[in-house]
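Below you'll find the structure, written out as C-alpha cells, and then a few comments.
Everything quoted here is computed from the prediction, not taken from an experiment. Remember, it's 1-based here, ligands and their atoms both numbered in the order they're listed.
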Amino acid sequence: MSFDLLLASPRGFCAGVDRAIEIVELALELYGKPVYVRHEIVHNRHVVDDLRAKGAIFTDDLAEVPEGSLVVFSAHGISPAVRAEAERRKLRTLDATCPLVTKVHVEAMRYARDGYEIVLVGHRGHVEVDGTLGHAPERMHLVETVEDVAKLAVRDESRLSVLTQTTLSVDDTREIITALRARFPAIRVPGKDDICYATQNRQNAVKELARRADFVLVVGAPSSSNSNRLVEVARVHGARAIDPRWLAGATRIGVTAGASTPELLVQAVCERLRALGATAVESLPGVEEGVHFALPAELRREQRSATPT
Ligand code: SF4
C-alpha cells in the first residue's frame, strides 16, 4: 500500500493559542508553582497535560483556588461575573483571553450600552459563548441554527445587532446571518463577522485539501470547536472521516489540525501514516499568517524586571 500525504496550510496553533500557552509557561517561570488555570487553557489534552506536568493546576471552579493564588483565565474568555468572583476571593489574575474574543466582549458591552439587543451566533455550552453571554446577559439571544432564527422573540426589531463566536463554520454563520437579515432587515451586522482569521484560514485550507485528497484527517480534540468545524467543512467538501480500512484504496490523504493542536501531534500522525505506506509528503501552499498578540502588560513588566541587564 502506498499513498501521498497532503498537509494543509495553515494548520494547527493560532496566535491566540500560542499566547495563552506562553502566558502559563511564563507565569510558572516567573512566579513558580502552582499556577491555577481556569478551564483548559486551550482545548487540547496534550497541551493541558504538558502544562500540568510543569506545575499548572486546571479547574473550572474558582472556589477551588486558594485565596491569594495566581489564576490564569483561558484563551476562551470569561464573563464579568467570573472576574468579580476572582476579585472577591482576592486572587491574583492573568488574562489569557484571546484579543479577538475580547474584541467581541467589547462590542457586546457597547451594543448593550447603546440599548441594543444582541443575537449571539454560537454553540450553547461552549465556554467562549458563556463568557460572551455574560457581558450583557439580559440583552443577549443565543442562536445556533437557521431554524432558531424563526423562533426569536425580540423586544425592538429596530435596535438589534449580531455577534458571533470566533470559531464557527464560516459557511453556517453566513447562512444564519442571511436568515437574520431576512427576518430583521434593520439588524446591525458588523462589516465582517467575528469569525477569527485563524478559523477562516484553516477552513479555507481544509476545503482545498478535501478537494485534492481521498480523505482528510483532522488532528484535534473532540472538545475543540475549531477542530470540529474543520471536520464538518471537510465532510461538506467531499472528504470522509477516518476509518483505517479506507487507507487501502486511498492515493492521497490530507492532514490538518485545529487551532489548539500542537504541530508535534500532526507530525506524530504523519509518522504513523508513513509507517502505513505514505511516501511523498506535500505541504500545500496557503496564507502566511504571521499574526502575533502581545503578552499582558503585567507579565511583560515582570519579565523585564527578571531579566538581568
Ligand atoms: Fe483567538 Fe481565533 Fe485562536 Fe480562538 S482560534 S484563540 S479566537 S486566534
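Residues D95 and R83 are paired through a salt bridge, judged by an N-O separation under 4.0 Å between the basic side chain and the carboxylate. A salt bridge links R212 with E208: at least one charged nitrogen is closer than 4.0 Å to a carboxylate oxygen.
In the model, D171 has no side-chain atom that pairs as donor or acceptor with a side-chain atom of S169 under 3.5 Å. A donor-acceptor pair shorter than 3.5 Å cannot be found between the side chains of R301 and S305.
Counting only heavy atoms of the protein, atom 8 (S) of ligand 1 lies nearest to C14 SG, 3.6 Å. Counting only heavy atoms of the protein, atom 1 (Fe) of ligand 1 lies nearest to C98 SG, 2.3 Å. At the top of the distance list for atom 5 (S) of ligand 1, counting protein heavy atoms only, stands N226 ND2, 3.4 Å. Closest to atom 7 (S) of ligand 1, if we only count protein heavy atoms, is T166 OG1, 3.3 Å.
Distances below 4.0 Å separate heavy atoms of G16 from the following atoms of ligand 1: 6 (S), 8 (S).
Not a single donor-acceptor pair under 3.5 Å links the side chain of R188 to the backbone N or O of Y116.
Residue side and main chain included, C196 places no N/O/S atom under 2.8 Å of atom 1 (Fe) of ligand 1.
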